[in-house]
Amino acid sequence: MASPRPDRARTFALACSLAASLASGALAAGCGTTDDRPATLEVVALEVLAPTCGTPQCHSTTTRLEGLAFDTLATARSSLRELGVTGGRGGELLEVLREDGDERMPPDMPMFEQDVALIEKWIAAGAPGL
Amino acid sequence: MRPLAILLAAVLALAVSGAARRADAYPQYQLARDATCTGCHLSPAGGGLLSENGLVVAEQASWLGTNPEALYGAPLPPWLHLGGDVRGAAGAVSNGTPGGAAYPMQAEVSAAAGARGVTVHVTGGLRRPQGEGGSAAHVLWSREHYLMWQQHPDGSEGLYVRAGRFMPVLGLRLAEHVAYTQRFGASPLYGEAYAAAASYVSRALEVHATGFVHDSIASAVEHGDGGALYAEARLGAHAALGAGAKYASSDEVHRTYAGLTGKLYLPGADLLLQAEAQLIHQRLLPGGTVDQLAAYFLATRPLVRAWLLDVGLGHYAQDVSVMGLYRDCVDVNVHWMTTSHLEWLVTTRLELLDGGGGPNGGYALLQVHYRI
């Protein structure tokens, strides 16, 4: 099948859309405000732990490295209990997030400081929902 | 991004545009070849088993051009296609503290059998056992299995209908599952579900509509039930624009994904640009919402014969309402298709939290991909 002639206007429009896709990322990053997320198990589990720790090849329900899963509220609840997290006590969770050596988690990228602070705040509040 | 990251991205972009060129085929070169995913793959979504044309392309694109057929040409009946993938990786990983890593990635066999446009597709292999207390290091499972009807069995365009276990179709569907739009977006690794889908594929337009329910037997990554719709239209000879959405509802969260994709091939520079952005709206149950954004840009260019260079840029805002809660990455991948079956891949990533203002991480891995 013969290829149609390139349409420069359409190509230009598409190049603009590609640029817009990238720019949207920068805009989204710049639109945020200070962190006033509620320190609840739902936010800790589904917003923080699921994308950071519950990745498919690591602590997902499918893979369960070390027997732990953080990709759902239910599995995060049981895994946090297994790590010794209780109201007022961070257990192994905060240890591995704060670790300086090669035991630090996640292995490929540190967790956001704001997320660690949110987890600590939730624990200090008695780990409601656990 | 901070100035250092911008400078690094600019240097990499210059390296891409200034490198020697040679236009061999590769899945990322769909627009360079005026082809569809089904031009090389049996599945209308792309990926997996190669068609006759895909095997020819695999041979042409490789350094040594060995026999590309499954098992190097083992005699198979015409109603049967076989294939498979074995992959592993080793290298260095850093989350602020450098460390080593070596691990198997994939060990799967695929088969498609049928006639007169009706085929059964199965992909199965090894994975880690689920749950605790299991003594086996790995267990057998099937990631994909479905029945497919194809309107034109001898062609690569037209209508496809599938039912079974497979990935709902949305977005660019890059092979690199670590791309932010896949890792954090609607099509994560192991995101297959039990689904029914209708796809229309032609050079000018492709449309995919999928309804799905989660796999409650194998505890899949997709925990919700819902649907996905994706359409992509060719604009001229070397550009395409797509849009899609996915909705998945579980008893914990309702997630809505809305995304745009774009592809632009620049013949003069022999460069393919692909970009995707997804807005992800999550409604947590019993209350609260989170809006996220995942975007990925990939520039791909052939070097000398059988060598390919990718430069990727990713952005992920974990919660767009919170300042500084985002990460960016710069990826550089070098592919060497040594034979029709063997590919070496050096993949590197520099990942920056809060525009580089926080601790950073990354990896440099050598991957080996062997296609059976």
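A:Pro38 does not touch chain B: none of its heavy atoms, backbone or side chain, sits under 4.5 Å away. At a 4.5 Å heavy-atom cutoff, A:Ala69 makes no contact with chain B through either its backbone or its side chain. Both the backbone and the side chain of A:Glu42 come within less than 4.5 Å of a heavy atom of chain B. Residue contact with chain A, scored on non-hydrogen atoms closer than 4.5 Å, involves the side chain of B:Tyr316 exclusively. Looking at B:Leu279, neither its backbone nor its side chain comes within 4.5 Å of chain A, counting heavy atoms on both sides. With a 4.5 Å cut-off on non-hydrogen atoms, A:Thr55 touches chain B through its side chain but not through its backbone.
Taking all atoms of both residues into account, the shortest heavy-atom contact from A:Phe112 to B:Tyr326 is CE2-O, 3.2 Å.
Counting heavy atoms from C-beta outward, A:Thr61 and B:His223 have side chains that approach closer than 4.5 Å. Looking at A:Val48 and B:Gln318, their side chains come closer than 4.5 Å, going by heavy atoms from C-beta outward. Side-chain contact check for B:Met105 versus A:Gln57: every heavy-atom pair is 4.5 Å or farther apart. Side-chain contact between B:Leu325 and A:Asp115: present, with at least one pair of heavy atoms (C-beta onward) separated by less than 4.5 Å.
A:Thr62 places a side-chain N or O within 3.5 Å of a backbone atom of B:Val221 that can act as its donor or acceptor partner. Between the side chain of B:Asn95 and the main chain of A:Pro110, no donor-acceptor pair closer than 3.5 Å is present. With hydrogens and angles ignored, the 3.5 Å screen pairs a side-chain donor or acceptor of B:Glu252 with a backbone N or O of A:Leu73.
The residue among B:Leu285, B:Val93, B:Asp215, B:Leu189 with the most heavy atom pairs within less than 4.5 Å of chain A is B:Leu189.
To the nearest 0.5 angstrom, A:Met109 atom CE is 5.5 Å from B:Asn360 atom CG. Of the inter-residue distances, the one linking B:Gln282 atom CD with A:Glu47 atom CD reads 7.5 Å to the nearest 0.5 angstrom.
Salt bridge absent: A:Asp108 and B:Arg327 never bring a charged side-chain N and a carboxylate O closer than 4.0 Å.
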